[in-house]
There are 2 protein chains.
Amino acid sequence: MAFMKEYVDILRQHGIQPTPQRLAIAAAVLHSAEHPTADDVYEEAREYSTVLSRATVYNTLNLFVEKGLLRMQILKEGTAVFDPNIERHHHFIDDDDGTIIDIPWGWLSVRGRERLAEFDIREMQVVVRGRRKK
Amino acid sequence: MAFMKEYVDILRQHGIQPTPQRLAIAAAVLHSAEHPTADDVYEEAREYSTVLSRATVYNTLNLFVEKGLLRMQILKEGTAVFDPNIERHHHFIDDDDGTIIDIPWGWLSVRGRERLAEFDIREMQVVVRGRRKK
DNA sequence: TCAAGGTTTAGACAAAGTCCAGGAACAGGC
DNA sequence: GCCTGTTCCTGGACTTTGTCTAAACCTTGA
């Protein structure tokens, strides 16, 4: 799998030892626009024909989050999703099918932050729910 | 439990037949400022010395949501929380202990909604994460 | 009194995620 | 090359959150 070379570099740059399992997971999640769940990643990474367990998927996704390769987002009921877009941005979630769509940071601006002086803010995002127009 | 009278009226006004279980659950959740989980509600409602099962708590909370008495919010990993504040508002979640705090709608304003023309928006809120200052 | 709805229950089940002990793989030093 | 210690991966047990189902338990009204 020659195209994996790219992921070897990315992992090394983030201080992560590349292994076949981690590369398969990286390939499944890092360029995804679909905000996959851990189970989605498990299914896709297994297609890259590597021996892979569920526990490793969870361990690795958490490692990627810790090392700044991914963000975990709490947007769906019952399950976390992983987002390779680590720039700040907002989210839209479709009520019908749960599809999550990134909204660029610049599209929306939040005024009134100065009223939140009692908090040390780590992140802030607008969460929009509804339906995509057909 | 005379103070339950108040809840009898609230349930009736929302087209819900009052029962001892529903009243215990109403008392546990409707005036809470703590964004309880289903399990929190189960624990508290049982203190009102009613026979009560987990299934009834889930059924009843979902019924309350459907009838507009509560909102379900997806803010914590792994579990839904229930919010008796049905006015629109924003949320702050403390990274340390998971405490959820309501932010009044008027404190923040979101500009740029016109860029979301591709969506039929049902609700929109700002989600802020970080730490409370000591 | 009886039937029909509506309500509650225990327990089975499913899904998401964590934890653990054992084994495999691998890097560095000789 | 060959140890040795560390890192990594695995299956399976376990926990938590939530749903489902069949049976039982009210009410209510005829």
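The chains referred to below are lettered A, B, ... by the order of the sequence lines, with proteins before strands, and numbering in each begins at 1. These numbers were taken from a predicted model, which means no experiment stands behind them.
In this structure, a donor-acceptor pair under 3.5 Å is absent between the side chains of B:D40 and B:H35. A donor-acceptor pair shorter than 3.5 Å cannot be found between the side chains of B:T37 and B:D39. Defined by atom type and a distance below 3.5 Å, a donor-acceptor pair is present between the side-chain atoms of B:D83 and B:H89.
The CZ atom of A:R46 sits 12 Å away from the C1' atom of D:dG11 (whole-angstrom rounding). Atom CG in A:L63 sits about 16 Å away from atom C1' in C:dT18, given to the nearest Å. Distance, B:E66 CD to C:dG6 C1': 14 Å, rounded to whole Å. Rounded to an integer number of Å, the gap from A:L61 CG to C:dG17 C1' is 12 Å. In this structure, B:R22 atom CZ and D:dT27 atom C1' are separated by 13 Å, rounded to whole Å. Atom CD of A:E77 and atom P of C:dA16 are 12 Å apart (whole Å). Between A:I74 atom CD1 and D:dT17 atom C1' there is a gap of 15 Å when expressed in whole angstrom units. Rounded to whole Å, the distance from CD on A:Q21 to P on C:dA24 is 14 Å.
Of the residues near DNA chain C, A:T37 and A:N59, the one whose nearest nucleotide (by heavy atom distance) lies more toward the 5' end is A:T37. Remark on DNA chain D: of its neighbouring residues B:D39 and B:Q17, the 5'-side contact belongs to B:D39, judged by nearest-heavy-atom nucleotide.
The side chain of A:A38 sits closest to C:dG17 out of D:dT10, C:dT9, C:dG17. When distances are taken from the side chain of B:T19 to each of C:dA10, D:dC8, C:dT7, the shortest belongs to C:dT7. Side-chain proximity of A:N62 to the nucleotides D:dT10, C:dT18, C:dG17 is greatest for C:dT18. Closest approach to the B:Y58 side chain among C:dT9, D:dT17, D:dT10 is made by D:dT17 (side chain taken as heavy atoms from C-beta onward).
Heavy atoms of A:T79 sit under 4.0 angstrom from primed sugar atoms or phosphate atoms, though from no base atom. B:T56 comes within contact range of at least one nucleobase, with a heavy-atom separation under 4.0 Å.
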Using atom types as modelled, flag every donor-acceptor pair under 3.5 Å from a side chain in residues 60-74 of chain B to any protein atom, sequence neighbours excluded.
from, atom 1, to, atom 2, distance (Å)
B:T60, OG1, B:T56, O, 2.7
B:N62, ND2, B:Y58, O, 3.3
B:R71, NH1, B:I86, O, 3.1
B:Q73, OE1, B:Q125, NE2, 2.9

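Residue B:D96 forms a salt bridge (charged side-chain N to carboxylate O under 4.0 Å, His left out) with just one option from B:K133, B:R129, B:R131, and that option is B:R131.
A donor-acceptor contact under 3.5 Å is not formed by the side chain of A:R54 with the base of D:dG11.
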